[in-house]
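For the numbers below, each heavy atom of this structure counts, side chains included, while hydrogens, waters and symmetry mates do not.
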Amino acid sequence: MKVLLFGATGMVGQGVLRECLLADDVELVETVGRSASGGQNPKLREVVHGDLWHYDAIAQQLAGFDGCFFCLGVTSSGMKEADYERVTYGMTMAAAGILSRLNPRMTFIYVSGAGTDSSERGRSMWARVKGKTENALLRLPFAAYMFRPGIIQPLFGVRSKTTWYNVFYAVAKPVLPVLRMMFPDSVLTTQQVGLAMLEVARHGYAKRILETKDIRVAAGIALEQGKSGPGKAS
């Protein structure tokens, strides 16, 4: 597979990039973002692109891909709805629109979040905007899947770009493994998210919207099939 990865420098994106580079059946990972991940790997190609609302200038570099893992996003904390929508909906649909034209047989996977509001009418601003984004993606002419993880535990040195997330994970680190054992349908790892994306890109999934439980199941299938890289899911 040849895959595109948006948001490779964020916490989820770092984990997904790791699993893509370890997967035997991934021959190329192309990251797209305002900055490079800085990784060194023969499979890795990085496209630094400053304007994430317009892609015509790099269109040739976005063609010929089997999958896209869209992990780009921001926290809604302190943002007005219009600003959050411009980033969350606007950037996502700008990328998805051109990719659906260039790669109509592509599988596009979008990282949304647990609690996303598909009705677009709920009280939570971020959930409405995420719901609007999901709904628009599902109308595009390619196979689109929505990932709705809840709590995600970073593994293998992955860190968030958001300071208070890192503080939370540092404090919660001793209890997160216990929580995963007690509530497996509520807590995932960055590795599980990456493995699940690869599995869905390879074989699809019975649902277009994957909640935490579905993501865990897809990651388990990937491990059982032995198509992950070295290391065990934690």
Side-chain angles (χ1 to χ4, degrees), residues 4-18 30-39 46-55 58 62 68-99 108-118 120-138 140 144-154 157-172 187-190 193-194 196-197 209-212 215:
L4 282 167
L5 174 58
F6 288 75
T9 60
M11 188 184 81
V12 175
Q14 291 173 52
V16 173
L17 176 59
R18 177 184 184 274
E30 180 175 293
T31 66
V32 181
R34 291 193 179 106
S35 59
S37 72
E46 306 213 78
V47 176
V48 177
H49 182 64
D51 186 352
L52 299 180
W53 287 269
H54 301 93
Y55 293 95
I58 60 168
L62 303 177
C68 175
F69 304 147
F70 200 91
C71 306
L72 192 63
V74 297
T75 175
S76 64
S77 179
M79 294 186 73
K80 295 180 180 179
E81 182 164 356
D83 296 330
Y84 183 67
E85 182 171 326
R86 179 175 179 271
V87 175
T88 299
Y89 178 85
M91 288 198 307
T92 305
M93 295 312 299
I98 192 168
L99 291 177
F108 186 99
I109 299 176
Y110 173 63
V111 179
S112 184
T116 292
D117 178 16
S118 296
E120 305 179 34
R121 296 191 297 269
R123 292 184 177 182
S124 175
M125 179 272 281
W126 75 263
R128 290 195 304 271
V129 174
K130 287 281 192 179
K132 178 179 179 178
T133 307
E134 284 189 353
N135 291 337
L137 289 170
L138 291 169
L140 289 176
Y145 294 87
M146 311 297 116
F147 272 38
R148 293 182 175 181
I151 298 172
I152 302 177
Q153 179 187 2
V158 167
R159 289 178 58 83
S160 173
K161 292 164 66 175
T162 304
T163 301
W164 71 267
Y165 281 5
N166 287 323
V167 172
F168 166 77
Y169 288 120
V171 173
V187 184
L188 295 166
T189 68
T190 48
V193 175
M197 286 191 175
I209 297 177
L210 287 78
E211 305 289 349
T212 297
I215 297 169

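Closest approach of Arg128 and Glu81 over heavy atoms only: NH2-OE1, 2.6 Å. When all heavy atoms of Met197 and Cys71 are compared, the closest pair comes out as CE-SG, 3.9 Å. When all heavy atoms of Gly97 and Leu140 are compared, the pair lying nearest together is N-CD1, 4.4 Å. Annotation for Trp53 and Met91: closest pair CE2-CG, 3.4 Å, computed over non-hydrogen atoms. Of all heavy-atom pairs spanning Leu188 and Pro149, the tightest one is CD1-CB, 3.9 Å. Of all the heavy atoms in Thr9 and Ala36, the pair that sits closest is CG2-O, 3.8 Å.
Judged by distance alone, with hydrogens and angles left aside, the side-chain atoms of Asp117 form no donor-acceptor pair with the main-chain N or O of Gly131 at under 3.5 Å. Side-chain atoms of Asn135 come within 3.5 Å of backbone N or O of Ser118 as a donor-acceptor pair. Of the possible polar contacts, none joining the Ser112 side chain to the Lys130 backbone as a donor-acceptor pair under 3.5 Å is found. Checked by atom type and distance alone, the side chain of Glu46 pairs as donor or acceptor with a backbone atom of Gly38 at under 3.5 Å.
Proximity of Thr116 to Trp126: side-chain heavy atoms (C-beta onward) are separated by under 4.5 Å at one or more points. Contact check for Leu210 versus Arg148: no side-chain heavy atoms found under the 4.5 Å cut-off. Side-chain contact between Arg34 and Val48 is absent, with no heavy atoms from C-beta onward closer than 4.5 Å. Between Leu72 and Leu52, some side-chain heavy-atom pair lies under the 4.5 Å cut-off. Leu5 has its side chain out of reach of Val32: every pair of non-hydrogen atoms, C-beta onward, lies at least 4.5 Å apart. Between Ile152 and Thr189, the closest side-chain pair of non-hydrogen atoms is not below 4.5 Å. The shortest side-chain heavy-atom distance between His54 and Asp51 falls under the 4.5 Å cut-off. At a threshold of 4.5 Å between non-hydrogen side-chain atoms, the residues Leu62 and Leu99 count as touching.
To the nearest 0.5 Å, atoms OG1 (Thr88) and CG (Asp83) are separated by 10.5 Å. One distance of note links CZ of Phe108 with CZ of Phe69; it measures 11.0 Å at 0.5 Å rounding.
The ring-ring contact (aromatic ring centres under 6.0 Å, His included) search around Tyr145 returns none, not counting sequence neighbours. Evaluation of the ring-ring contact (aromatic ring centres under 6.0 Å, His included) rule for Tyr110 yields no partner, not counting sequence neighbours.
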Criterion side chain to side chain contact (heavy atoms under 4.5 Å, CB included) on Leu137 and Met93, from CA distance to verdict: CA-CA 7 Å; Leu137 289 170; Met93 295 312 299; 3.7 Å; yes

message: Please evaluate residues Gln14 and Ser37 with respect to the criterion side-chain hydrogen bond (donor to acceptor under 3.5 Å, both in side chains), reporting the C-alpha separation (whole Å), side-chain torsions for both, the decisive distance (0.1 Å), and the verdict.
response: CA-CA 8 Å; Gln14 291 173 52; Ser37 72; over 6 Å; no

field: Audit row: Phe70, Ile109, side chain to side chain contact (heavy atoms under 4.5 Å, CB included) steps and yes/no
entry: CA-CA 6 Å; Phe70 200 91; Ile109 299 176; over 6 Å; no

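Within the structure, every pair that satisfies the salt bridge (charged side-chain N to carboxylate O under 4.0 Å, His left out) test and touches residues 85-96, not counting sequence neighbours, is listed here: Glu85-Lys132.
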